[in-house]
Visitor: 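Take this structure, written in structure tokens, and hold onto it; I'll ask about it next.
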Amino acid sequence: MQIGRRKNLKRAGATVAAALAAGLVRPRDVRAAWNKDAFGQKTLADALKSLNAATAADSKDILIDAPQIAENGAVVPVEITSNLPATKSIVVLIEKNPFPLAAKFDFLEGAVPFVKVNVKVGESSNVRVLAEAGGKYYVALKEVKVTIGGCGG
Amino acid sequence: MADPMKIRAGLKGDVADVRVLMNHPMETGQRKDSSGNLIPVHFIQEITVKLNGKSVIEAQVSQAVSRNPVFSFRVKGAKAGDRLEISWLDNKGDRNSTETALA
Amino acid sequence: MRRLAIPGAVVLLAACASLPVGEPPALSEQDLIEIHAVLKRDFHTRGIATMARLEPDAVQRACNLHHDHPPAELAKTLEAAQLKAIPFPAAGLMGDWRNGQKLAQSGIGMQWSDKPGSASGGSCYNCHELSPQEQSFGTLGPSLRGFGKTRGSGAEMQRYVFGKIYNAKAYNLCSQMPRMGHSGTLTEQQIKDLVAYLLEPGSPVNQ
Amino acid sequence: MSFARWIPAGLLAGACLAATAQDARKEIEKYQQMIADSSPVELFELEGEALWKKRQGAKNVSLEGCDLGLGAGALKGAYAQLPRYFSDADRVMDLETRLLHCMTTLQGRSREEATKRVFGNEDRLSEMEYLSAYIAAQSRGVPMAPGTSHPREKAAFELGRKTYFYRGGAWDFSCASCHGEAGKRIRMQELPQLFKPEYARPVVATWPAYRVSNSQFKTMQWRINNCFQQMRYPEPGYASDITVALAMFLTATGAGEPYRGPGTKR
């Protein structure tokens with residue numbers, strides 16, 4: 001966690017400095033930058049490690065609505081609700097994608113821990129959802145099968 | 001026409017149901033164009049939802065989000081007339097934002 | 001506002017017109033002439049898809065005029081002529097089923113987007129079930145699963161399968177199956193490879 | 001980590017369905033419902049609106065004076081009453097044909113310029129596609145009711161109906177070769193019997209449509225053009241009488257269904 005954080009802060013600092021120099025952002029827009037390390041991991045285990053979420057307890061309070069069979073992997077709608085009290089963030093991983101980490105949503109004061117997003121699923125895979133609450137990660141899975149349709153080769 | 005973005009927001013009690021549509025190719029960097037050349041990776045990385053200027057949701061996403069992204073969010077403690085602003089930043093440093101007043 | 005979009009009124013309007021909705025038409029000689037003229041006027045050559053493709057032959061004419069059910073005598077005569085025109089190879093009709101499998105999977109070829117001279121696929125899976133390993137198959141044609149196993153793979157069967165792929169109309173005049181050899185879609189060697197894919201005991205089709 | 005694992009999922013050799021056929025159908029219906037609920041079509045409608053109002057052509061005017069059949073500039077319900085006969089052009093026209101007419105007459109654009117790029121791609125829709133998205137959307141909830149009383153409208157329907165069953169081209173195909181019998185598929189794609197109202201209705205009520213498989217927005221002119229491509233015919237002219245006749249046949253066959261597009265398809 002510590003290492004990951006320091007890395008991120010460092011990177012964020014550099015990005016921000018460059019952006020400020022270029023006049024791209026106003027100072028109040030500055031915040032935690034894109035987690036390059038976690039998004040760059042190529043296996044589920046490494047992505048979880050980078051997120052410091054290698055251990056997470058199964059939870060029935062994380063609801064995932066996604067099609068069991070998606071006709072096209074380019075667009076797979078996933079709807080997630082966390083009923084865990086004080087959910088701080090929701091993380092979406094597509095286990096078999098080349099880069100498993102797909103998205104991380106941080107819910108600040110006022111937000112409902114709910115999100116619906118369309119993701120790409122390269123092949124039939126588990127969609128793994130983590131919810132961060134009370135300083136711990138919880139996990140739920142949903143399998144999505146990807147098929148194809150169409151003609152003409 | 002700069003890439004449009006569209007917010008659709010409805011109030012249910014004090015919860016704002018927000019749907020946002022973004023125009024973006026979300027290129028994975030692994031797709032080829034018609035001449036067989038790889039199309040460079042190009043995707044939205046960060047999304048911020050603000051209510052009356054205050055961040056309520058901050059998202060980081062990857063190229064695994066589908067082309068022309070559509071997100072749905074819910075924000076508590078909202079009322080008619082509140083200003084909802086959504087912005088994104090992509091890996092090339094391009095950004096876009098749009099806002100709407102809740103009704 | 002010439003017409004108000006009042007749902008009920010509009011529906012009524014559509015119903016009053018009493019067009020022959022849902023009914024396949026019978027095509028007359030005159031209809032064929034008119035449609036051909038319209039096609040000649042409204043279509044254009046693009047890439048390899050030339051206007052010559054719009055010239056109907058005796059088979060298309062007969063099937064159009066008789067709604068795919070030509071009188072037996074006419075069908076027999078035309079089928080015989082189609083059969084006679086098939087250039088059966090002297091021997092060795094069994095090609096390589098592995099190539100055949102690739103051809104069966106591929107649906108490319110003969111479209112205006114295809115490059116001149118590029119090889120076509122057989123489009124087999126678009127309409128037929130073949131190997132049990134391929135679940136994404138069409139149902140426009142009959143299942144050919146286990147074809148060689150149930151029908152045998154002797155010389156007669158090889159000849160039949162070659163001929164059927166080359167020109168399905170030689171066996172059933174108004175079959176919906178394209179004449180893959182006759183139309184110039186597949187080469188002799190490609191058809192041999194498909195014969196092997198259907199008949200070879202080692203082919204996935206016969207597992 | 002091969003390239004094939006990403007987007008061209010459509011090119012991946014078929015992952016098989018383990019579930020029973022009935023379960024699979026139910027799940028695919030759910031998938032289709034879910035993608036329809038999160039479609040980016042509204043973005044295209046916005047761009048279409050901007051193009052509708054954009055001054056263009058030698059006369060430097062917008063399309064706002066274009067009469068789609070309900071009077072100049074009237075859009076509400078206009079798409080739902082197309083195709084129909086227009087006396088000013090003495091032709092039966094579908095939406096795109098009519099828009100092209102307005103571009104050449106009202107805006108003073110050349111046909112060549114206006115049809116240079118009628119079918120767009122995933123990076124940028126064509127002007128016709130954006131306009132179609134915007135205009136079709138103004139007919140939501142309005143039952144499809146193309147013109148069917150004028151003799152020319154009846155003639156277009158008849159031509160479309162006969163062409164639907166006419167076999168020709170390099171592969172001896174008619175539209176009915178694929179869309180003729182109930183319960184047939186090409187690969188996994190089900191093939192509606194479009195000459196029957198029960199199959200045509202949901203189709204005409206949802207085109208034009210966004211296709212998630214290639215992120216493209218497609219119009220009825222494209223749909224017909226692409227069918228002929230797959231039938232191995234030469235190419236039909238854009239907005240030609242034959243394409244309008246087929247659109248008329250299809251729309252009149254599916255008449256009565258309230259429009260609920262632009263749709264989102266697999």
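In what follows, every chain begins at residue 1, and chains take the letters A, B, ... in the order their sequences are listed. Please read these numbers as outputs of a predicted model, since none were measured by experiment.
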Visitor: Using side-chain heavy atoms (C-beta onward) and a distance below 4.5 Å, is B:V65 in contact with A:V117?
Guide: yes
Visitor: Is it the backbone or the side chain of B:L51 that comes under 4.5 Å from a heavy atom of chain A, or both, or neither?
Guide: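 For B:L51, no heavy atom lies under 4.5 Å from chain A.
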Visitor: Could you tell me whether the side chain of B:S66 and the main chain of A:N118 form a donor-acceptor pair under 3.5 Å?
Guide: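 Confirmed, B:S66 side chain pairs with A:N118 backbone.
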Visitor: So do B:S62 and A:F39 actually touch side chain to side chain, heavy atoms under 4.5 Å?
Guide: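 Yes, close enough: below the 4.5 Å cut-off.
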Visitor: What do the steps show when you test B:V56 against A:E109 for side-chain contact (heavy atoms from CB on, under 4.5 Å), and what is the final call?
Guide: CA-CA 6 Å; B:V56 285; A:E109 202 188 321; over 6 Å; no
Visitor: Is it true that, when you exclude B:K6 itself, more than 12 heavy atoms of the residues, nucleotides or ligands shown sit nearer than 6.0 Å to its NZ?
Guide: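 Atom NZ in B:K6 is packed in, count exceeds 12.
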Visitor: Would one find more than 12 heavy atoms of other residues, nucleotides or ligands at under 6.0 Å from atom NZ of A:K88?
Guide: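 12 or below, so no.
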Visitor: Looking at A:A111, A:P113, A:G110, which has the largest count of heavy-atom pairs under 4.5 Å with chain B?
Guide: A:G110
Visitor: Can you see which heavy atom on B:Q30 is nearest to which on A:P98, and at what distance?
Guide: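 Closest heavy-atom pair between B:Q30 and A:P98: NE2-CB, 4.4 Å.
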Visitor: Check whether any side-chain N or O of A:W34 sits under 3.5 Å from a backbone N or O of B:V61 as a donor-acceptor pair, and report yes or no.
Guide: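 Judged by distance alone, yes, a pair lies under 3.5 Å.
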Visitor: Start with the C-alpha distance between B:F73 and A:V115, add both sets of side-chain angles, then the distance that settles side-chain contact (heavy atoms from CB on, under 4.5 Å), and finish with yes or no.
Guide: CA-CA 5 Å; B:F73 301 114; A:V115 66; 3.6 Å; yes
Visitor: Supply the atom-to-atom distance B:E46 CD to A:K104 NZ, rounded to the nearest 0.5 angstrom.
Guide: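 Result: 12.0 Å between the selected atoms.
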Visitor: Mind listing the closest non-hydrogen atom pair of A:N35 and B:Q60 along with its distance?
Guide: N-OE1, 2.6 Å
Visitor: If you round to the nearest 0.5 Å, how far is CG of A:L108 from OG1 of B:T48?
Guide: 9.0 Å
Visitor: Please rank B:S72, B:A78, B:P69 by heavy-atom pairs under 4.5 Å with chain A and give me the top one.
Guide: B:S72
Visitor: Assess the residue pair A:K120 and B:M26 against the criterion (side-chain contact (heavy atoms from CB on, under 4.5 Å)); give the C-alpha distance rounded to whole Å, side-chain angles, the decisive distance to 0.1 Å, and a yes or no.
Guide: CA-CA 10 Å; A:K120 297 164 190 162; B:M26 300 302 286; 3.9 Å; yes
Visitor: Checking heavy atoms, do the side chain of B:R67, its backbone, both or neither come under 4.5 Å from chain A?
Guide: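 When you check distances to chain A, only backbone atoms of B:R67 fall under 4.5 Å.
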